[in-house]
Structures are given as structure tokens and as C-alpha cells.
Participant: 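What follows is a single structure, and I will ask about it in a moment.
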Amino acid sequence: MRDIKGKTAIVTGGVQGLGKSIVKALLSEEADIIIFDKNTKGLETLKQEFPHIDCIACELTDIASIENAVSVSLQKHKTIDILVNNAGILYSEPLIKFSMDGVEKHSIQAWDKIITTDLSAVFYLTSIVVEKMVKTRTKGIVINISSVSATGNAGQSAYSAAKAGINALTVTWAKELGAWGIRVAGIAPGYTETPSTSAAMNQAVLKEIVAKTPIRRLGKPEEIAQAVLFAIQNDFINGKILEVDGGLIL
């Protein structure tokens, strides 16, 4: 098992929800935490709660913003040992739906936004961070937060496509980066009690999901965070997507 005490970890979207739970899990193992998030007010609040973590405002869909955030991180920390790609948008919209105006197709603007935020941004940041890992000969670990929706979920064309892409990148990067001692793994949560879930899914749908889940409840952010910690600490986990969903996908 890998001891992560004193190791530097970047967590994206760490201000609230699952991201904040991941931050707490890493802090429990005494890792040095850097948060990348575009929510500047949230970063200020988080800094007050955890004064010893580093909070950096970063727009993850903008390469220049990412490069600046990584540069600032390395000015204080010699290496980046852990990257947790958590930031993303949970979004639901069917390919075709009925409205007051008749048949309406999926928003192209929404598709582009979700693919850029949930998939392209992960590629941007990981390529920049892994380049630094290789240059500093750091045997690091990348954790990608996927979703059980990656297998295809009705009403989530863009989100499912983005998460399927995340799974493919996880496997691809694990094959490519192993020679440098860098591991890549994915965590695919089921439906979890977070503000983003409540905002994206109506209560009727959530009740139906709970009924289909063998343990008859949604996941807790802390449970997903513990899975992230497990994947980081276990040096033999590589290229795999760990589903943490209460048995929803069986």
C-alpha cells in the first residue's frame, strides 16, 4: 500500500459535494492538497475551513488557465504526485423530447458544454500534469471520476458519452504511462447524495433508481471518497474502472 503522507494531490472541483469529500479523505491521510476550482467564493470558504490547503482558481476548459494553475502549484510543491479529475457537470436531456412547440431535439450548445467540461478538460489537465510527472520522474497516480452512466443511460446522451470517453482514456493512459511508473484508474459512482444529483434529477426518477438498487439507497459522498483513497493507495490497481454503485449495475 502506498503511504500518501506528505504527497501532493490536486483535486479538481473540490469546493463541494463529492470533491470536498475526496479532499477530506486525502487530508485524513495527511496528503498536501491543492484545489483547482472556478468557484472563487467557494474556494475562499474552503480556505477558511482548511487553512493549510492551497486553493487555486482555475477554469479547466481553458488551457492557459490550467497551465498557470499547475505552474503556481509547482512553485510551492516540488512534485505533483496525485491528480484526481473530479470536476464535471451532471446533465440530463434526452435526444428527442416533446415540448409546447412540438418535437424538440437535444441542445447542441449543451452537448458541446458537457463534452468540453466533462471530457476535454480532463484531457487538457492530465496531459499537462503527467508531463510534469515524467519530467520530475514522479511515480504518480491519476484518478478519473467516471459514472455508471458511462455504459449508456437514457436521457443522458452528452453525460454518458463524456463518461464513456473518460473510461476509454483511463485504460489508454494506463497502458501508455505504466513505463514511467504512473498509474491511472477510474472510479464510477452510482447515484450519490450530492447537490449536483439533486439539481439534475427529479425526485421521481431518483426514487425509481433507489428501487432498482439492491441496497435500496443512494450512495454517500464519503463512500465514493473512500474508494478513491483505496485506488490511490493500492499500487496494483491500474487501468481499471471501479464501480461503486450499491449493486445498481449487475
Side-chain angles (χ1 to χ4, degrees), residues 1-14 17-36 79-88 118-119 121-123 125-134 136-151 162-192 194 215 219-250:
M1 299 293 285
R2 175 176 298 198
D3 183 4
I4 63 172
K5 181 179 180 179
K7 299 296 185 181
T8 302
I10 293 175
V11 180
T12 67
L18 175 56
K20 188 173 182 180
S21 292
I22 293 170
V23 168
K24 289 180 177 179
L26 291 170
L27 284 174
S28 72
E29 298 296 320
E30 300 182 59
D32 293 333
I33 311 296
I34 306 170
I35 309 298
F36 286 4
T79 61
I80 298 169
D81 303 284
I82 302 161
L83 170 61
V84 182
N85 285 308
N86 166 74
D118 290 3
L119 180 59
V122 172
F123 175 82
L125 176 59
T126 305
S127 64
I128 292 169
V129 169
V130 166
E131 179 191 28
K132 305 301 182 185
M133 287 181 177
V134 171
T136 57
R137 298 187 179 182
T138 301
K139 293 184 178 181
I141 169 75
V142 177
I143 300 292
N144 295 323
I145 303 300
S146 179
S147 167
V148 293
S149 295
T151 58
K163 293 304 183 179
I166 290 296
N167 287 0
L169 290 178
T170 299
V171 175
T172 301
W173 291 340
K175 291 177 178 179
E176 292 181 355
L177 300 175
W180 282 282
I182 299 171
R183 291 187 297 117
V184 186
I187 304 296
Y191 292 89
T192 310
T194 62
I215 61 173
K220 299 181 183 301
E222 296 80 8
E223 293 169 324
I224 311 303
Q226 283 300 312
V228 172
L229 192 59
F230 170 72
I232 291 171
Q233 292 179 318
N234 191 317
D235 268 327
F236 207 52
I237 293 179
N238 189 39
K240 300 299 181 182
I241 312 298
L242 177 60
E243 294 174 346
V244 189
D245 62 1
L248 179 61
I249 306 298
L250 289 175

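The analysis underlying the following values was restricted to heavy atoms, covering all of them including side chains, and did not include hydrogens, waters or symmetry mates.
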Participant: Please report the interatomic distance CG(N234) to CZ(F230), rounded to the nearest 0.5 Å.
Facilitator: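 The CG atom of N234 sits 4.5 Å away from the CZ atom of F230.
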Participant: Write out all pairs satisfying salt bridge (Lys or Arg N to Asp or Glu O under 4.0 Å) with one or both partners inside residues 136-146, taking only residues at least two apart or from two chains.
Facilitator: none
Participant: So, for S21 and P221, which heavy atoms are closest and what is the spacing to 0.1 Å?
Facilitator: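 It is OG-CB, 3.1 Å.
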Participant: Checking T12 side chain against A87 main chain: does a donor-acceptor pair fall under 3.5 Å?
Facilitator: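 Yes, the answer is positive, given that a donor and an acceptor are paired below the 3.5 Å cut-off.
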Participant: Side chain to side chain contact (heavy atoms under 4.5 Å, CB included) with I187: which of N86, I145, I241, N144?
Facilitator: I145
Participant: Looking at L119 and A162, what are the two nearest heavy atoms and their distance?
Facilitator: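 Heavy-atom minimum between the residues: CD1-O, 3.7 Å.
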Participant: Nearest 0.5 Å, what's the CD1-CD1 distance between I141 and I237?
Facilitator: 8.5 Å
Participant: Is the closest side-chain donor-acceptor distance between T79 and D81 under 3.5 Å?
Facilitator: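 Result is yes, a qualifying pair exists.
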Participant: First locate atom CZ of R2, then atom NZ of K7, and finally report the distance between them rounded to the nearest 0.5 Å.
Facilitator: 7.0 Å
Participant: Under the 3.5 angstrom rule, does the side chain of K240 hit a backbone N or O of T170 as a donor-acceptor pair?
Facilitator: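 No: the side chain of K240 does not pair with the backbone of T170.
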Participant: Tell me, please, which residues at least two apart from S127 pass side-chain hydrogen bond (donor to acceptor under 3.5 Å, both in side chains).
Facilitator: none
Participant: Does E131 have any salt bridge (Lys or Arg N to Asp or Glu O under 4.0 Å) partners at least two apart in sequence or in another chain, and if so, which?
Facilitator: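 Salt bridge (Lys or Arg N to Asp or Glu O under 4.0 Å) list for E131, sorted by chain: K135.
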Participant: For a side chain to side chain contact (heavy atoms under 4.5 Å, CB included) with I80, tell me which candidate from T136, I10, T138 qualifies.
Facilitator: I10
Participant: Quick check for you: to the nearest 0.5 Å, what is the distance between I22 atom CD1 and L229 atom CG?
Facilitator: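 Reported value, rounded in 0.5 Å steps: 10.0 Å.
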Participant: Just jot down the salt bridge (Lys or Arg N to Asp or Glu O under 4.0 Å) partners of E223, sequence neighbours excluded, or say none.
Facilitator: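 Checked E223 against salt bridge (Lys or Arg N to Asp or Glu O under 4.0 Å); matches are R217.
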Participant: Give me the atom names and distance for the closest heavy-atom approach of A227 to L242.
Facilitator: CB-CD2, 4.2 Å
Participant: Mind listing the closest non-hydrogen atom pair of L26 and A9 along with its distance?
Facilitator: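 Result for this residue pair: CD1-CB, 4.0 Å.
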Participant: Could you tell me which non-hydrogen atom of G190 sits nearest to which non-hydrogen atom of V148, and how far apart they are?
Facilitator: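 What the structure gives for the nearest pair is CA-CG2, 3.8 Å.
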Participant: Could you tell me which residues satisfy salt bridge (Lys or Arg N to Asp or Glu O under 4.0 Å) with E30, sequence neighbours excluded, listed by chain and number?
Facilitator: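 In terms of salt bridge (Lys or Arg N to Asp or Glu O under 4.0 Å), with neighbours along the sequence ignored, E30 is linked to K5.
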Participant: Take W173 and V130 through the side chain to side chain contact (heavy atoms under 4.5 Å, CB included) test and state the conclusion after the steps.
Facilitator: CA-CA 10 Å; W173 291 340; V130 166; over 6 Å; no
Participant: Whether D235 and R183 form a salt bridge (side-chain N of Lys/Arg under 4.0 Å from carboxylate O of Asp/Glu) is what I want to check.
Facilitator: yes
Participant: Looking at CD1 of I182 and CG of N238, how far apart are the two atoms once the value is rounded to the nearest 0.5 Å?
Facilitator: 10.5 Å
Participant: Working to the nearest 0.5 Å, report the span between CD1 of I224 and CG of L18.
Facilitator: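 CG of L18 is found 6.5 Å from CD1 of I224.
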Participant: Side chains of I166 and N85, heavy atoms from C-beta outward: is any pair under 4.5 Å?
Facilitator: no
Participant: By the salt bridge (Lys or Arg N to Asp or Glu O under 4.0 Å) test, which pairs, at least two apart or in different chains, include something from residues 17-28?
Facilitator: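 Only K20-E49 qualify under salt bridge (Lys or Arg N to Asp or Glu O under 4.0 Å).
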Participant: So, the side chain of S28 versus the backbone of A25: is there a donor-acceptor pair under 3.5 Å, distance only?
Facilitator: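 Looks like yes, one N/O pair under 3.5 Å.
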